[in-house]
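Since the structure comes first, as structure tokens, the remarks are kept for the end.
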Amino acid sequence: MNLKIFNNSSEIAKFSAEFIIKNLKNNQKLKNKFVLGLATGSSPIETYQNLIKDFKKNQTNWNSTIFFNLDEYIGLKPTDSQSYSFFMRKHLFDDLKVDSKNTFIPKGVGNYEEYANKYDSLIKSKGGIDLLILGLGVNGHIGFNEPPSDFNSTTHIVELTPKTIQSNSKFFKNGQSVPKKAVSMGIKSIMNAKKIILIAYGESKADAINKLINGKIDKNYPCSILQQHNDVTIVIDKVAGKLLKSIKS
Ligand code: GLP
């Protein structure tokens, strides 16, 4: 695992955006295509803003990129302002002028179960994820893979834990209830990505970061499985890294 510790979220975002752009360009050179996996939540927002700034300044070419999102709430339509589909358009796709035919997000309504079942083959048919951006839940979840997680899971329906519902309620206005279920890429779908960058900052992530890096691999800390991936970069701030005493190599 590659660990990068920064002073604050803007340093994290600068590094992460440069990392993503470097991978985009390398893949374009190699095969004229890039498949990028995307996370939602607050952690990647500043990174997405930097990608947009770069696009406006340097006209970086995102046309040949295919985007696959990690997850979506069940019960929210893509037009709902709390849906991850809406989030992606607002925080990235619209400003990068991405063609919607290149964006894939698990469905939260309609035939969502059927779509979840074919999501992994869809990823495979596009060549697999070259780089996957991950956030981290305070309970160690990645995507919406709540503890205890099945390490063999592909995209599936998940029940959100009270801890996740409470922590994600920050995005919902008073009176709006947080959905209790979601569709998420599974742990196996995540581990199939060729390269992973995980972004986390703030004190609330310190325990999960410590378990991710130094803990034993345990389904009760889904993120710990990343120790078995051969190309993961963890990008955190000092506060999120405060429990790290030693680094497992
Ligand atoms: C949600 C998302 C995760 C994300 C997590 C962390 O649960 N499904 O993909 O990693 O939130 O969110 P935040 O970055 O807001 O702490």
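Start at 1 and go down the list; that is how both ligands and their atoms are numbered. Below, each value reflects all heavy atoms present in this structure, side chains not excepted, and no hydrogens, waters or symmetry copies.
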Taking Leu212's backbone N and O only, do any of them form a donor-acceptor pair with Gln227's side chain (distance below 3.5 Å, no angle check)?
yes

Atoms in ligand 1 flagged as close to Lys170, the criterion being non-hydrogen separation under 4.0 Å:
15 (O), 16 (O)

Given Ile196, which partner from the list Asp231, Ile190, Asn230, Ile234 fulfils the side-chain contact (heavy atoms from CB on, under 4.5 Å) test?
Ile190

Would one find more than 12 heavy atoms of other residues, nucleotides or ligands at under 6.0 Å from atom NZ of Lys188?
no

What protein heavy atom is closest to atom 12 (O) of ligand 1, reported as residue, atom name and distance in Å?
Gly41 CA, 3.9 Å

Tell me the protein heavy atom at minimum distance from atom 7 (O) of ligand 1, and give that distance in Å.
His141 NE2, 2.9 Å

Residue part near ligand 1, for Tyr84, under 4.0 Å between non-hydrogen atoms
side chain

Begin from the C-alpha positions of Phe67 and Phe93 and carry the test ring-ring contact (aromatic ring centres under 6.0 Å, His included) through to its verdict.
CA-CA 9 Å; Phe67 300 85; Phe93 295 159; 5.3 Å; yes

Would you say Leu136 and ligand 1 have an N/O pair spaced under 3.5 Å apart?
yes

Please write down residue, atom name and distance for the protein heavy atom closest to atom 3 (C) of ligand 1.
Gly143 O, 3.4 Å

Considering only the protein, which heavy-atom contact is closest to atom 11 (O) of ligand 1, and what is its distance?
Asn168 OD1, 3.9 Å

Measure from NZ or CZ of Lys107 to the centre of the six-membered ring of Tyr112, then state whether that distance is under 6.0 Å and the direction lies within 45° of the axis.
no

Taking 4.0 Å as the limit for heavy-atom contacts, which would you say applies to Phe171 with ligand 1: side chain only, backbone only, both, or neither?
side chain

Tell me if the centroids of the rings in Phe144 and Tyr73 come within less than 6.0 Å of each other.
yes

For the aromatic rings, using the six-membered ring if either is Trp, is the centroid distance between Phe68 and Tyr119 under 6.0 Å?
yes

Quick check on the 6.0 Å ring-centre criterion: do Phe15 and Phe6 meet it?
yes

So which heavy atom in the protein is nearest atom 16 (O) of ligand 1, and how far is it from that ligand atom?
Lys205 NZ, 2.6 Å

Within this structure, what is the CG-CG distance for the pair Leu36 and Leu92, rounded to the nearest 0.5 Å?
8.0 Å

Looking only at side-chain N and O atoms, does Asn8 offer a donor or acceptor that is under 3.5 Å from a partner on Ser10?
yes

Note the single closest protein heavy atom to atom 4 (C) of ligand 1, along with its residue, its atom name and the distance in Å.
Thr40 O, 4.1 Å

Which of the atoms of ligand 1 are close to Gly135, meaning less than 4.0 Å from one of its heavy atoms?
10 (O)

List ligand 1 atoms under 4.0 Å from Phe144, heavy atoms only on the residue side.
1 (C), 7 (O), 8 (N)

Relative to the heavy atoms of Asp71, which atoms of ligand 1 are at a distance of less than 4.0 Å?
2 (C), 8 (N), 9 (O)

Counting each atom of ligand 1 from 1 as listed, which ones have a heavy atom of Ser42 under 4.0 Å away?
13 (P), 14 (O), 15 (O), 16 (O)

Looking only at protein heavy atoms, what sits closest to atom 14 (O) of ligand 1 is Ser43 OG, 2.5 Å

